[in-house]
There are 2 protein chains.
Amino acid sequence: MTDRLPHTLRSDALDNRERILEAARALFSDDGLDVPMREVARRAGVGPATLYRHFPNKQILVADAFADQLDACRAIVDEGCADPDPWHGLCLVIEKICELHARDRGFTEAFLSTYPGVKDVAAGREYTVKAVAELAQRAKEAGRLRSDFVLDDLVLILMANKGIHAATTAAQVKASRRFSGLVIQAFEACPRHAPLPPAARLASAPPHGLSR
Amino acid sequence: MTDRLPHTLRSDALDNRERILEAARALFSDDGLDVPMREVARRAGVGPATLYRHFPNKQILVADAFADQLDACRAIVDEGCADPDPWHGLCLVIEKICELHARDRGFTEAFLSTYPGVKDVAAGREYTVKAVAELAQRAKEAGRLRSDFVLDDLVLILMANKGIHAATTAAQVKASRRFSGLVIQAFEACPRHAPLPPAARLASAPPHGLSR
DNA sequence: ACCTAAACGGACGGGGGCGTCCGTTACCGT
DNA sequence: ACGGTAACGGACGCCCCCGTCCGTTTAGGT
């Protein structure tokens with residue numbers, strides 16, 4: 001008796017699926033999410049139809065392509081949370097996540113965009129944000145993080161960091177590093193610092209232009 | 001004898017031209033530069049052909065629509081340079097330009113994008129950047145601006161600020177204000193501050209996707 | 001009031017991206 | 001070896017946007 005549902009893909013199909021994901025990761029990473037699906041298919045050496053059979057639409061492809069990047073994010077956050085010095089841990093998280101986003105243009109867009117139906121990314125972000133919130137609280141209590149820091153500031157920074165990489169320039173990673181350096185110093189508790197303007201509620205970013 | 005070249009537009013043509021610019025400003029400001037030309041035409045109450053007669057292509061329309069915003073930029077910079085306290089002047093410039101960009105989504109794109117053939121925007125930016133460089137130098141000499149500040153940091157901040165407004169959220173202005181507040185504190189000379197990662201050469205941002 | 005040229009705008013062609021259909025290919029179990 | 005079926009991919013339809021053409025309207029000088 002054969003299984004009713006072919007939960008097991010044929011070998012060539014599996015191969016193609018993997019090549020598509022690889023191509024998608026490479027292209028999204030370099031050029032952002034605006035890369036045409038055809039381009040992904042071409043790079044993977046498959047036809048458009050095959051691409052669409054494996055990933056019914058672009059959102060799903062994006063979500064699947066960045067699954068491991070999300071894991072990387074989680075790992076970074078976990079690492080930061082595990083640091084005995086919460087301020088040091090928080091700095092680490094900011095630096096590494098900024099760099100991660102710097103290295104992968106598409107991931108930033110995917111991470112900050114909650115397009116409908118892509119639960120994985122949203123959920124991963126949820127988790128990440130929550131864990132960092134806790135870390136920030138501890139850093140505050142240790143007196144190293146300024147007391148008027150708000151979690152939305154991190155979203156702000158991420159969005160800002162994204163802006164840095166919107167343009168395809170060389171030295172993005174370098175720019176991002178300097179940026180996170182600046183930001184961290186702004187976050188650090190310092191008696192000379194004046195109070196900040198009130199925080200803005202950012203919630204989650206609206207969908208990216210994938211609805212073409 | 002009539003003038004050989006009709007340097008004077010017919011009254012209805014002049015009207016339309018003004019309405020088109022108005023519509024373009026409003027739409028670009030709210031929705032960014034990706035607004036279709038047809039949309040601008042529709043809002044201005046003219047046909048597409050009329051739009052294209054007055055502004056041969058989108059780049060030109062964008063440049064003309066943001067001419068006064070560029071003036072506003074220049075005015076802000078001039079104001080900052082005129083301030084007797086260079087640090088205060090610099091802060092003013094950063095805050096106001098961030099806010100200007102926050103209020104006008106399209107302008108940010110236009111300002112940071114040097115698309116070919118639009119000299120006005122590029123030239124205006126050139127002037128602005130140069131004047132601010134001078135201001136920054138004076139602020140450094142006054143000991144208020146950190147000595148490892150680099151002019152490219154400002155471009156970095158502008159790009160980052162753009163990232164904040166890439167998504168259409170309410171409270172953009174608020175977010176931008178908080179952001180500039182953070183940035184200014186990071187820029188301020190402070191003995192507690194550790195040295196920054198090296199600056200990245202950003203030069204000018206590559207063209208925006210107007211070449212569809 | 002009339003006439004001419006400037007100005008208008010609906011309709012068109014071109015290009016590109018998304019997602020789908022269907023005839024063909026090739027894997028895999030027997 | 002061979003048959004059945006999963007998987008493939010070229011070609012298609014659809015939509016949106018840019019920029020242009022040409023028949024029609026209207027301003028404004030006489």
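Below, all heavy atoms of this structure are taken into account, side chains as well, without hydrogens, waters or symmetry copies. Residue numbers begin at 1 in each chain, while the letters A, B, ... track the order of the sequences.
The side chain of B/K58 contributes an N or O atom lying less than 4.0 Å from OP1 or OP2 of D/dC18. For A/Y52, no side-chain nitrogen or oxygen approaches OP1 or OP2 of C/dT20 to under 4.0 Å. Contact between the side-chain N/O atoms of B/H54 and the OP1/OP2 oxygens of C/dC8 is found at a separation under 4.0 Å.
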Base contacts versus sugar-phosphate-only contacts with protein, heavy atoms under 4.0 Å: please encode nucleotides 9-16 of chain D as B, S and - from 5' to 3'.
BB-B----

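Sorted by first and then second residue, the side chain to side chain donor-acceptor pair (under 3.5 Å) pairs with a member in residues 35-47 of chain A read A/E39-A/R42; sequence neighbours excluded.
Residue-to-nucleotide contacts include no donor-acceptor pair under 3.5 Å from the side chain of B/R10 to the base of C/dA7.
When the P atom of C/dG19 is taken as reference, atom CG of A/L51 falls 9 Å away, rounded to whole Å. As a whole-Å value, the separation of A/M37 CE from C/dC18 P is 7 Å. The CG-P distance, from B/N57 to D/dG19, rounds to 6 Å in whole Å. The interatomic distance linking B/D12 (CG) with D/dT25 (C1') rounds to 10 Å, in whole Å. Atom CG in A/D15 sits about 15 Å away from atom C1' in C/dC28, given to the nearest Å. Whole-Å rounding puts the A/L9 CG to D/dT5 P distance at 18 Å. Summarising the geometry, the separation between CZ on A/F55 and P on D/dC8 is reported as 11 Å, rounded to the nearest angstrom. At whole-Å resolution of the value, CG in B/L14 and C1' in D/dT26 are 16 Å apart.
Applying the ring pair (Phe, Tyr, Trp, His ring centres under 6.0 Å) criterion to A/H101, with sequence neighbours excluded, gives A/F107, A/F111. A search for side chain to side chain donor-acceptor pair (under 3.5 Å) contacts involving B/D71 returns nothing, not counting sequence neighbours.
Here the shortest heavy-atom pairing between A/V35 and A/K58 reads O-NZ, 2.8 Å.
Using a 4.0 Å cut-off between a side-chain N of Lys or Arg and a carboxylate O of Asp or Glu, A/R10 and A/D15 do not qualify as a salt bridge. Taking a cutoff of 4.0 Å between a charged side-chain nitrogen and a carboxylate oxygen, A/E109 and A/K162 do not qualify as a salt bridge.
Within residues 23-31 of chain B, no residue approaches DNA chain C, by heavy-atom distance under 4.0 Å.
Annotation: cation-pi pair A/R74/A/Y127 present, NZ/CZ under 6.0 Å from the ring centroid and within 45° of its normal.
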Side-chain donor-acceptor distances from residues 22-33 of chain B under 3.5 Å, at least two apart:
from  : atom 1 : to     : atom 2 : distance (Å)
B/R25 : NH1    : B/A65  : O      : 3.3
B/S29 : OG     : B/R103 : O      : 3.4

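Listed nucleotides C/dC27, D/dC8, C/dG19 differ in distance to A/A13; the shortest reach to its side chain belongs to D/dC8.
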Checking B/E95 against B/R177 for the salt bridge (Lys or Arg N to Asp or Glu O under 4.0 Å) test, could you report, in this order, the C-alpha distance in whole Å, the side-chain angles of both residues, the deciding distance, and whether it holds?
CA-CA 7 Å; B/E95 284 167 359; B/R177 260 200 275 265; over 6 Å; no

